[in-house]
Amino acid sequence: MTTGEEYAAVFVQGPQYQFRGWPQQDMVTLFLQVKGFALKYHDAPFDPNIKKWNVKILEVNRHQRHMDKTIYNEFWTELE
């Protein structure tokens, strides 16, 4: 891995091991430098680590998939 300067955003699942090998091992600092996102279903639990990090949680509803466009727009607005 290289420095965070090459990344516009990172999607996370929550477990710390997902960042094994990254130059920045402190997730709090990483998400001050790179925008973080977590994508989840509205009724599914998420890893508690996500609450500790500066990560935008994008929730998709399983039964209202026509609303996915709203989440899509929210992602791009946050990334700008």
Side-chain angles (χ1 to χ4, degrees):
M1 280 294 149
T2 60
T3 65
E5 297 169 2
E6 291 84 11
Y7 304 105
V10 176
F11 275 85
V12 301
Q13 295 172 320
Q16 185 81 23
Y17 68 79
Q18 122 179 56
F19 297 100
R20 191 175 303 134
W22 280 57
Q24 180 59 267
Q25 290 299 309
D26 177 29
M27 297 301 100
V28 173
T29 304
L30 172 69
F31 292 118
L32 290 175
Q33 299 169 349
V34 177
K35 185 67 181 165
F37 292 93
L39 184 64
K40 68 178 263 329
Y41 284 118
H42 77 287
D43 59 350
F46 56 89
D47 193 289
N49 280 330
I50 293 174
K51 286 186 177 182
K52 300 176 194 174
W53 303 333
N54 183 24
V55 171
K56 174 70 175 172
I57 299 171
L58 302 172
E59 294 189 5
V60 176
N61 189 309
R62 294 178 195 265
H63 308 292
Q64 296 178 342
R65 298 310 303 266
H66 62 281
M67 298 297 294
D68 288 1
K69 179 73 172 176
T70 304
I71 302 304
Y72 171 87
N73 289 334
E74 187 177 350
F75 167 75
W76 286 109
T77 300
E78 286 284 327
L79 192 58
E80 291 178 344

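What you see is a predicted model; the values in this text were computed from it and never measured.
Remark: Glu74 pairs with Lys56 by the side-chain hydrogen bond (donor to acceptor under 3.5 Å, both in side chains) rule, at least two apart or across chains. Take Asp68 and apply the salt bridge (Lys or Arg N to Asp or Glu O under 4.0 Å) test, not counting sequence neighbours, and it matches Arg65. Residues satisfying the side-chain hydrogen bond (donor to acceptor under 3.5 Å, both in side chains) test with Glu78, not counting sequence neighbours, are Lys35. Legend: residues meeting ring pair (Phe, Tyr, Trp, His ring centres under 6.0 Å) with Phe37, ordered by chain and number and at least two apart, are Phe11, Phe75. Taking Tyr41 as the reference, nothing meets the ring pair (Phe, Tyr, Trp, His ring centres under 6.0 Å) condition, with sequence neighbours excluded. Here Thr29 pairs with Asp26 under the side-chain hydrogen bond (donor to acceptor under 3.5 Å, both in side chains) rule; sequence neighbours left out. Remark: Lys52 pairs with Asn49 by the side-chain hydrogen bond (donor to acceptor under 3.5 Å, both in side chains) rule, at least two apart or across chains.
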Q: Decide side chain to side chain contact (heavy atoms under 4.5 Å, CB included) for Leu30 and Trp53; before the verdict, give the C-alpha distance in whole Å, the side-chain angles of both, and the deciding distance to 0.1 Å.
A: CA-CA 9 Å; Leu30 172 69; Trp53 303 333; over 6 Å; no
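Between Ile71 and Glu59, the shortest heavy-atom contact is CD1-O, 3.1 Å. Between Pro45 and Lys40, the shortest heavy-atom distance links the atoms C-CE, 4.5 Å. Of all non-hydrogen atoms in Ile50 and Ala38, the two that sit nearest each other are CD1-CB, 3.8 Å.
Between the CD atom of Gln18 and the CH2 atom of Trp22 there is a distance of 8.0 Å, given to the nearest 0.5 Å. Going from atom CZ of Phe46 over to atom NZ of Lys51 covers 5.0 Å, rounded to the nearest 0.5 Å.
Val10 and Leu39 fall into different hydrophobic clusters, where Ile, Leu, Val, Met, Phe, Trp and Tyr side chains are chained together by heavy-atom contacts under 4.5 Å. Transitive grouping of hydrophobic side chains (ILVMFWY, heavy atoms separated by less than 4.5 Å) keeps Val55 and Leu58 in distinct clusters. The same ILVMFWY cluster, assembled from side-chain heavy atoms under 4.5 Å apart, contains both Ile57 and Met27.
Cluster note: Met67 groups with no other residue, as no ILVMFWY side-chain heavy atom lies under 4.5 Å from it.
Counted within 6.0 Å of CD on Gln13, heavy atoms from surrounding residues, nucleotides or ligands total 12 or fewer; the atom is thus considered open.
The salt bridge (charged side-chain N to carboxylate O under 4.0 Å, His left out) analysis of residues 8-17, with sequence neighbours excluded, yields no pairs.
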